[in-house]
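Just below is one structure, and these are the notes that go with it.
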Amino acid sequence: RGRVAAHLAILDGRSEVDGEDWRLAGLVLDVSDRVRGEAIAYGRRLTAAEVARQDDRKVRLEAAAQAARRTVDEQIDTARIAKGAAIVARKVLRAAPVDGLAGRAIRDTLGARYRDVSTACLEHAVTVGWLTAQDAKQGGTRYRVGPAIGEVPGS
């Protein structure tokens with residue numbers, strides 16, 4: 001405050017500081033403190049806004065990555081089910097084209113690799129017409145060759 005008061009006196013052409021210089025120096029320092037405080041607060045707001053933008057960007061990127069992973073997983077499952085359905089259709093065509101095979105026997109031929117999607121494989125084979133499903137007399141379902149059996153890949 002003393003230096004500011006001295007500079008004010010010099011600016012006024014005097015070599016000695018008076019009470020008015022001292023009062024004005026106090027005002028200058030108060031305004032300076034407020035400006036500095038506002039500048040610091042503004043900088044903090046900018047930093048907080050940038051952090052929030054970066055967080056939002058990370059969230060959006062992670063959401064997009066998860067969506068892409070889900071899409072890939074769904075495509076892999078769809079391809080896996082279609083492949084399993086083709087295996088099932090070829091098995092019925094080779095093993096029992098007239099009488100068909102029981103669903104349990106077909107599921108067993110798929111093995112461990114398709115065990116979790118065996119029902120979906122059978123449903124897909126019926127949906128695309130490779131197989132037809134018919135209730136068996138002893139319970140369960142028998143699968144026979146369907147009208148689109150010639151469209152099975154690899155047959």
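As the structure is a computational prediction, the values presented were derived from the model and not from experiment.
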Worksheet entry | Sequence-distant partners of Asp116, salt bridge (Lys or Arg N to Asp or Glu O under 4.0 Å), two or more places apart | Arg80

Practice prompt. Mind listing the closest non-hydrogen atom pair of Arg142 and Ala102 along with its distance?
Written response: NH1-N, 3.8 Å

Worksheet item: Which pair of non-hydrogen atoms, one from Tyr114 and one from Cys121, has the smallest distance, and what is that distance?
Response: CD2-SG, 4.4 Å

Worksheet entry | Pairs touching residues 26-35 that satisfy side-chain hydrogen bond (donor to acceptor under 3.5 Å, both in side chains), sequence neighbours left out | Asp33-Arg36

Worksheet item: Any chance CZ of Arg1 has more than 12 other-residue heavy atoms, nucleotides or ligands included, within less than 6.0 Å?
Response: yes

Quick one: pull up [atom1] in [X] and [atom2] in [Y] and give me the separation to the nearest 0.5 Å.
X: Ile106; Y: Thr119; atom1: CD1; atom2: OG1; result: 11.0 Å
X: Ser15; Y: Ile10; atom1: OG; atom2: CD1; result: 8.5 Å
X: Lys83; Y: Ile81; atom1: NZ; atom2: CD1; result: 13.5 Å

Each residue besides [X] in its hydrophobic cluster should be listed here, by chain and number; the cluster joins Ile, Leu, Val, Met, Phe, Trp and Tyr at side-chain heavy-atom distances under 4.5 Å.
X: Ile76; result: Val72
X: Val59; result: none
X: Val35; result: Val31

Worksheet item: Can you list the residues that meet the side chain to side chain contact (heavy atoms under 4.5 Å, CB included) rule with Glu62, with sequence neighbours excluded?
Response: Gln66, Arg69

Under 3.5 Å donor-acceptor pairs involving side-chain atoms of residues 122-136, not counting sequence neighbours:
{"residue": "Thr127", "atom": "OG1", "partner": "Glu123", "partner atom": "O", "Å": "2.7"}
{"residue": "Gln134", "atom": "OE1", "partner": "Arg144", "partner atom": "NH1", "Å": "2.6"}

Which side-chain N or O atoms in residues 49-58 pair as donor and acceptor under 3.5 Å with protein atoms at least two apart or in another chain?
{"residue": "Glu50", "atom": "OE1", "partner": "Arg53", "partner atom": "NE", "Å": "3.3"}
{"residue": "Glu50", "atom": "OE1", "partner": "Arg53", "partner atom": "NH2", "Å": "2.7"}
{"residue": "Glu50", "atom": "OE2", "partner": "Gln54", "partner atom": "NE2", "Å": "3.2"}

Discussion item. Count I, L, V, M, F, W, Y as connected when their side-chain heavy atoms are under 4.5 Å apart, and connections chain through other members. Are Val17 and Val4 then in the same cluster?
Written reply: no

Output side-chain donor-acceptor pairs under 3.5 Å for residues 19-27, partner residues at least two apart or in another chain, one line each.
{"residue": "Glu20", "atom": "OE1", "partner": "Arg23", "partner atom": "NE", "Å": "3.4"}
{"residue": "Glu20", "atom": "OE2", "partner": "Arg23", "partner atom": "NH2", "Å": "2.7"}
{"residue": "Asp21", "atom": "OD1", "partner": "Arg14", "partner atom": "NH2", "Å": "2.8"}
{"residue": "Asp21", "atom": "OD2", "partner": "Arg14", "partner atom": "NH1", "Å": "2.8"}
{"residue": "Asp21", "atom": "OD2", "partner": "Arg14", "partner atom": "NH2", "Å": "3.0"}
{"residue": "Asp21", "atom": "OD2", "partner": "Asp18", "partner atom": "N", "Å": "3.2"}

Worksheet entry | Polar side-chain atom of Arg90 near backbone of Pro153 as donor-acceptor pair, under 3.5 Å | yes

Output a table of donor-acceptor pairs, distance under 3.5 Å, between side-chain atoms of residues 40-47 and any protein atom two or more places apart or on a different chain; print 'none' if there are none.
{"residue": "Thr47", "atom": "OG1", "partner": "Gly43", "partner atom": "O", "Å": "2.9"}

Practice prompt. Report yes if the side chains of Leu93 and Val152 come closer than 4.5 Å at any heavy-atom pair, otherwise no.
Written response: no

Worksheet item: Does the pair Arg113 and Leu110 meet the rule for a side chain to side chain contact (heavy atoms under 4.5 Å, CB included), with working shown?
Response: CA-CA 7 Å; Arg113 183 169 183 205; Leu110 282 172; over 6 Å; no

